[in-house]
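In what follows, a structure is listed as structure tokens, so that the remarks can point back to it.
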Amino acid sequence: MKKILLMCLTVVLFVGITTPATASAEDDITGTLFEEEMRALVEAGIMKGYGDGTYGPKDKVTRAQFTTFIVRALDIQLGEDTVADVAASEDYNYGDVDPQKWYYPYIIAASDEGLIKGYPNGNFGPTDYITRQDMAMIMVSAAELKGVISEAEDLEFEDTDEIKSYAKDAVKRLTDLGIINGKERDGKIYFAPFDKTSRGETAAVINRLLNVLEPPEELDYRVATLSQDDDPTIHGDYETYEEAVAHADGDQVVLKGSNIVWINEGKGTTNAFTILYTSESMTSNTTYTTSGVDVEVLEIGEDWVKIRLADTVGYVDPKKVNLTPDHMVKDESYYYVSDGNLYHRLYNAITDRTSSYMYGAAPDFMKENSRYYSENGNTFYNQSGTLAGEAYQYFNRMPLYTETEYTGEQLDEYVAHMVPDSPLIGTGDAFKKAEKEHGTNALYLLAHAIHESSWGQSKIAKDKNNLFGIGANDGNPYEDAWEYESYEEGILEAAEEFIVPRYFDSSTSIYNGAHLGNKSSGMNVKYASDAYWGQKIAGHMYRADQYLSGQYETRPEGEAYELAQTVASYVNVRANPEVGDNKLYQLPRVGTTVQILDEIEANGTWYEIAPKNIGGDSYEKTFAYSDGFSSYGTSFKKLPVAK
């Protein structure tokens with residue numbers, strides 16, 4: 001889960017009380033070689049002092065400390081995602097990184113962004129002092145995260161041959177950018193790859209990186225041609241953005257400093273936690289997403305980029321999106337079919353990593369050994385760019401207040417089949433209790449818990465009976481996470497106090513439909529910054545449904561009902577299929593999904609729909625007008641569901 005949270009960068013580098021943000025005129029920084037750089041980082045809250053008022057400019061820096069500085073400098077999101085999605089991952093489950101330590105969320109966040117890796121033995125070495133060549137690796141990853149274009153400059157250090165092969169390219173690129181320099185000894189310049197980095201030196205390189213990302217002086221714009229293998233070719237310098245764009249032809253790009261600020265055709269990839277706004281003024285937002293997400297670029301201005309994420313069009317800060325011209329795109333995400341199931345293969349252009357998850361049933365217009373592309377997960381195009389078809393996944397759009405026919409015992413059976421040692425085995429009845437008492441579909445709630453807690457195996461789930469990461473705030477997620485006496489208490493409270501009132505109740509400001517959805521409708525609009533959070537949970541539901549229906553020879557629930565979505569706002573839900581004094585509640589938003597139980601012809605087509613029994617409401621039967629009667633207009637359209 002990747003939720004929007006208050007940024008709370010209060011963790012200090014060492015145990016103890018921090019000093020004020022600005023150092024005094026006479027302290028241990030005064031007169032040192034990197035005084036100006038250290039004071040800049042202290043002022044920005046990136047580097048903090050010790051409890052005794054000192055800053056230790058010559059003190060060596062550990063890997064955990066350096067990672068923390070970089071995460072703060074780049075304003076990388078911390079929060080529950082570091083516990084749920086990342087900490088449970090085998091890739092980042094470092095054996096020597098204790099979730100209770102102050103540096104834990106910073107290391108996990110940096111790992112998630114591809115800034116740093118652990119040792120081959122599976123450890124991270126948080127207390128090891130960082131070497132200059134390892135610092136170079138992190139710094140070049142930080143520059144690439146923000147889309148910085150650099151050249152591999154030839155090295156002329158006396159000890160160039162001593163730099164390990166894995167770090168040599170990083171040193172070349174940082175030297176070109178002016179971020180890292182050598183050390184003078186006896187009139188000669190050395191890189192000193194194995195020297196430990198001091199806090200003063202750290203401040204210097206981070207300040208230089210920040211100056212590359214946001215130069216202190218106004219830079220001219222350059223028109224350039226980029227290629228995968230050669231250095232950029234510069235075609236001209238221009239004083240204004242408009243002049244540069246006017247002179248860029250074909251696949252040429254516009255650079256400002258070392259950053260691409262305009263492309264003719266290509267894609268965008270978010271490089272940080274990114275908010276989508278409704279207009280160029282960027283005052284009112286619609287949704288948000290995490291880094292590493294591909295977005296469709298619609299238009300580029302000097303101070304904004306207009307993008308499409310799922311079906312949502314919005315404006316984003318140009319510093320939050322890396323622009324890549326078509327000919328420079330190395331890889332991309334796509335959907336594919338295997339054994340009749342639909343999978344989503346994700347490519348993260350920031351970290352250059354791929355992953356896949358099962359989404360649901362493959363639509364009948366799709367074939368194996370083919371790639372399909374979709375911005376919203378339901379409208380698909382083939383590799384030639386032509387429309388292949390439209391199909392929704394039932395569990396992604398199913399109203400989450402409906403009931404599942406599967407029993408608690410059967411839910412436990414599925415968990416045991418998938419993960420025989422999962423702590424979730426035995427919780428089936430608790431999920432069914434939440435369904436009965438609070439109106440949360442038990443199959444959905446189990447799938448949500450599976451996704452958030454890595455099948456109950458995350459440390460917060462095990463130690464605190466917290467399957468949803470609730471309360472795991474920035475900076476100190478493990479300590480801040482709410483603790484429950486039992487799994488059942490945590491499940492019931494999550495349903496009653498968190499999920500239902502915030503995401504099922506249409507009167508709340510964050511309600512976008514009581515279905516999983518994506519960044520345009522459903523819980524995923526405001527629940528998670530992971531753009532595919534809803535699709536991943538839908539995949540867990542689909543897999544469970546396929547297994548249990550096969551075991552008990554029943555019809556899969558994903559094939560039992562049709563779905564429809566509202567095409568008008570404030571659609572009335574009534575006690576019987578006729579207009580009168582019988583209104584029960586309304587569906588206020590366009591795009592709200594209903595489950596169709598029956599169709600009735602009475603002055604047009606009416607649907608008997610699954611009742612929204614939440615918050616103490618109890619409706620035996622509910623009906624809503626769909627279409628076919630001119631006086632009433634049209635309220636719904638059926639969704640083509642993949643089966």
Side-chain angles (χ1 to χ4, degrees), residues 34 58-71 73-74 91-97 103 106-146 148-209 212 228-231 258 330 348 350-353:
F34 301 111
K58 295 182 180 180
D59 290 356
K60 298 172 185 174
V61 175
T62 67
R63 284 165 57 85
Q65 292 165 0
F66 192 87
T67 301
T68 300
F69 294 147
I70 287 294
V71 168
L74 299 182
D91 293 337
Y92 312 124
N93 195 10
Y94 301 118
D96 58 348
V97 179
Y103 48 69
Y106 294 94
I107 290 174
I108 299 302
S111 298
D112 190 32
E113 297 291 352
L115 294 177
I116 194 166
K117 297 179 180 179
Y119 296 136
N121 65 1
N123 288 338
F124 181 83
T127 59
D128 294 350
Y129 293 125
I130 194 165
T131 63
R132 281 172 55 81
Q133 63 184 358
D134 285 350
M135 175 184 68
M137 291 293 293
I138 299 174
M139 295 300 291
V140 82
S141 294
E144 290 173 351
L145 171 69
K146 296 300 183 180
V148 170
I149 302 297
S150 61
E151 301 178 24
E153 185 172 293
D154 291 337
L155 299 178
E156 298 180 356
F157 299 117
E158 294 292 329
D159 56 351
T160 294
D161 292 342
E162 295 181 21
I163 303 172
K164 292 292 186 182
S165 58
Y166 70 82
K168 197 162 280 188
D169 185 69
V171 175
K172 289 179 179 179
R173 294 187 180 280
L174 292 179
T175 301
D176 170 66
L177 293 169
I179 291 175
I180 201 166
N181 300 315
K183 291 185 172 184
E184 183 178 353
R185 293 174 182 170
D186 301 324
K188 297 179 180 180
I189 304 298
Y190 296 82
F191 179 72
F194 301 104
D195 279 11
K196 306 302 187 293
T197 300
S198 72
R199 285 164 66 85
E201 291 170 328
T202 294
V205 296
I206 291 178
N207 269 286
R208 292 170 194 155
L209 171 65
V212 167
Q228 296 284 7
D229 302 317
D230 299 323
D231 292 336
S258 299
K330 293 171 58 179
N348 186 325
I350 300 295
T351 61
D352 197 26
R353 292 197 296 255

Does [X] reach the side chain of [Y], with side-chain heavy atoms less than 4.5 Å apart?
X	Y	value
Ile116	Phe66	no
Val61	Phe69	yes
Met139	Leu209	yes
Leu115	Leu74	yes

Between Thr62 and Tyr103, a side-chain donor and acceptor under 3.5 Å: no

Rounded distance (nearest 0.5 Å) linking atom [atom1] of [X] with atom [atom2] of [Y]:
X	Y	atom1	atom2	result
Arg63	Met135	CZ	CE	13.0 Å
Ile189	Asp159	CD1	CG	10.5 Å
Arg132	Ile163	CZ	CD1	9.0 Å
Ile138	Leu174	CD1	CG	11.0 Å
Lys172	Glu151	NZ	CD	13.0 Å
Glu144	Ile149	CD	CD1	9.5 Å

Pairs meeting criterion ring pair (Phe, Tyr, Trp, His ring centres under 6.0 Å) with involvement of residues 151-171, two or more places apart: Phe157-Phe191

Minimum heavy-atom separation for [X] to [Y], with atom names?
X	Y	answer
Arg173	Val140	CB-CG2, 4.0 Å
Ile206	Ile70	CG1-CD1, 4.0 Å
Gly114	Thr351	N-CG2, 3.6 Å
Ala152	Asp169	CB-OD1, 3.9 Å

Qualifying residues under side chain to side chain contact (heavy atoms under 4.5 Å, CB included), relative to Asn181, sequence neighbours excluded: Arg208

Partner set under side chain to side chain contact (heavy atoms under 4.5 Å, CB included) for Asp352, not counting sequence neighbours: Lys330, Tyr347

Tyr119 backbone acceptor or donor facing Asn123 side chain under 3.5 Å: no

Over 12 foreign heavy atoms within 6.0 Å of CD, Gln228: yes

Whether over 12 other heavy atoms sit under 6.0 Å from Asn121 CG: yes

For Asp128, all residues meeting salt bridge (Lys or Arg N to Asp or Glu O under 4.0 Å), sequence neighbours excluded: none

Set of salt bridge (Lys or Arg N to Asp or Glu O under 4.0 Å) partners for Lys183, sequence neighbours left out: Asp195, Glu201

Qualifying residues under side-chain hydrogen bond (donor to acceptor under 3.5 Å, both in side chains), relative to Asp176, sequence neighbours excluded: none

Lys NZ or Arg CZ of Lys196 over Tyr129 ring: under 6.0 Å, within 45°: no

